[in-house]
Amino acid sequence: MFSTFNIIRASIYSLVFLWSVICLAIAAHFQSVLSASDLTRFVPFAIFVSSATLAIILVLSAFSVRRNMNPVSTRIELGCLGLMGTFWISLGGFLASSASETASVECFVSATDLTPIDGGFSTEAYQAQYRVLEAFSLFNAILILGFLLLLFGLAVKHHMNGRRDVWFSPVTTFDWFGRDSKKASKLPAPVTAYRPRTQSKPMTPPAPQPPPKRQVSDRRTYAPRPARTQSRQPQMAYVPERRPSRPRPTDRRHRPDYYRRDASPRR
């Protein structure tokens, strides 16, 4: 996830890169159309400033991709921003104070011909492109110098707060607005944190308290029984059936009467 500072940095560098491409295209067009004179001295300078800015931005952006191994520290980026800002403020001031802004353009067939021809590159087109080049030069100077002051102010602030490594840290990985420290402060203290020792005090047993006094009332109160929420179910157990045992004589054994002594006599 990109931080707020990296989004601001990428937006500013993108605008500067786009306007530098436009300035380079206009200056290259002037170089191919206009003949060399005292009024066209700004053209080579504009080409140099635009090319140098594009090269610096490309290098800074290429190193910013490698977040863990970014060799561009804060002081190096401040130097690059100061160099680009000086180039663009010089070009903008030169274009604003030069007499080339109100110059007229005449087209000839060749460099040795002295008779101008109609058509081709007109004075209105030249002056319009000149103003665009001047405006974009000043815009680049304002953006670059503004970002330079912002980065330098944040670096000085962190330096005064005790973070001396701000000058040697990469710009893309440093916590400029202190959001990581706020998140870390919300976390609880670790278990191994140092706790100051306090003087031990002797433990005194608590004084015995008298038992609470009971109030005697005339009526005897009964605590209500709790309502039975579940009815008791009868418990069932299996009892095996016992067969009646046959009585056995203890005095004599049962012997069959073969002679039928107990039979009644015949009549």
Side-chain angles (χ1 to χ4, degrees), residues 1-34 39-67 69-98 100-103 105 121-155 170-174 176-177:
M1 184 177 181
F2 295 99
S3 61
T4 305
F5 181 83
N6 290 336
I7 294 174
I8 295 173
R9 178 175 176 267
S11 302
I12 292 175
Y13 282 177
S14 299
L15 289 176
V16 172
F17 187 86
L18 177 62
W19 291 345
S20 300
V21 170
I22 295 174
C23 292
L24 180 61
I26 293 175
H29 179 65
F30 284 166
Q31 182 69 23
S32 62
V33 173
L34 301 178
L39 298 176
T40 58
R41 291 179 179 176
F42 68 92
V43 176
F45 186 45
I47 293 174
F48 168 74
V49 171
S50 302
S51 302
T53 302
L54 293 177
I56 292 174
I57 291 178
L58 287 176
V59 170
L60 293 178
S61 301
F63 282 120
S64 299
V65 176
R66 306 170 59 185
R67 295 175 59 88
M69 296 181 294
N70 189 0
V72 181
S73 59
T74 303
R75 56 179 183 176
I76 295 177
E77 188 149 351
L78 286 173
C80 295
L81 289 172
L83 184 63
M84 290 190 296
T86 304
F87 283 163
W88 285 108
I89 197 68
S90 302
L91 179 60
F94 182 75
L95 293 174
S97 61
S98 177
S100 303
E101 183 177 2
T102 58
V105 177
F121 192 60
S122 61
T123 303
E124 290 78 10
Y126 163 75
Q127 292 180 357
Q129 293 181 13
Y130 186 92
R131 293 190 185 96
V132 171
L133 180 62
E134 179 183 356
F136 283 175
S137 300
L138 294 176
F139 288 162
N140 280 345
I142 292 172
L143 283 177
I144 293 173
L145 293 178
F147 184 65
L148 171 65
L149 294 177
L150 174 64
L151 182 59
F152 183 74
L154 291 174
V171 177
T172 55
T173 58
F174 193 79
W176 294 103
F177 297 105

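For the numbers below, each heavy atom of this structure counts, side chains included, while hydrogens, waters and symmetry mates do not.
Using cut-offs of 30° and 60° on the angle between ring planes, the pair Phe30 and Tyr126 is tilted.
Contact annotation: the side chain of Phe139 never approaches that of Val16 to less than 4.5 Å [non-hydrogen atoms, C-beta and beyond]. The shortest distance between side-chain heavy atoms of Leu154 and Phe5 falls below 4.5 Å. Counting heavy atoms from C-beta outward, Leu60 and Arg9 have side chains that approach closer than 4.5 Å. Residues Val72 and Ser64 form no side-chain contact, since every pair of their non-hydrogen atoms from C-beta on lies 4.5 Å or further apart.
Rounding to the nearest 0.5 angstrom, the gap separating the OG atom in Ser98 from the CG atom in Leu91 is 10.5 Å. The CD1 atom of Ile47 lies 10.0 Å from the CZ atom of Phe42; values are rounded to the nearest 0.5 Å. A distance of 8.0 Å separates OG1 of Thr53 from CG of Leu83, quoted to the nearest 0.5 Å. Separation of atoms CG (Leu15) and CZ (Phe136) is listed at 10.5 Å; rounding is to 0.5 Å. For the atom pair CD of Glu77 and CZ of Phe63, the computed distance is 12.0 Å after rounding to the nearest 0.5 Å. Annotation: the span from Ile22 atom CD1 to Ser137 atom OG amounts to 11.0 Å, rounded to 0.5 Å.
When all heavy atoms of Gly85 and Leu145 are compared, the pair lying nearest together is CA-CD2, 3.8 Å. The two residues Thr40 and Ser100 make their nearest non-hydrogen contact at N-OG, 4.5 Å. Gly92 approaches Leu138 most closely through the heavy-atom pair CA-CD2, 3.8 Å. Minimum heavy-atom separation, Gly82 to Leu148: CA-CD2, 4.0 Å. In this structure, Leu95 and Glu134 approach most closely via the heavy-atom pair CD1-CA, 3.7 Å. Nearest approach of Pro71 to Ile76, heavy atoms of both residues: O-CD1, 3.9 Å.
Counting only distance, with no hydrogens or angles, the side chain of Ser32 and the backbone of His29 share a donor-acceptor pair below 3.5 Å. Judged by distance alone, with hydrogens and angles left aside, the side-chain atoms of Asn140 form no donor-acceptor pair with the main-chain N or O of Trp88 at under 3.5 Å. Remark: the backbone N or O of Pro170 is not paired with any side-chain donor or acceptor of Ser73 at under 3.5 angstrom.
For the side-chain contact (heavy atoms from CB on, under 4.5 Å) test with Gln127, the passing option among Glu124, Gln129, Arg131 is Arg131; the others fail. Looking at Leu151, Leu149, Leu150, Thr86 one by one, the single match for side-chain contact (heavy atoms from CB on, under 4.5 Å) with Leu81 turns out to be Leu151.
For the ring-ring contact (aromatic ring centres under 6.0 Å, His included) test, no residue two or more places apart in sequence or in another chain qualifies with Phe152.
For Tyr13 and Phe147, the ring centers are positioned less than 6.0 Å apart.
Under the salt bridge (charged side-chain N to carboxylate O under 4.0 Å, His left out) criterion, the residue pairs touching residues 40-59 are Asp38-Arg41, with sequence neighbours excluded.
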Note to self: Could you go through Phe45 and Ser90, starting from their C-alpha distance and side-chain angles, then the distance that decides it, and tell me whether this counts as side-chain contact (heavy atoms from CB on, under 4.5 Å)?
What the structure shows: CA-CA 10 Å; Phe45 186 45; Ser90 302; 4.2 Å; yes
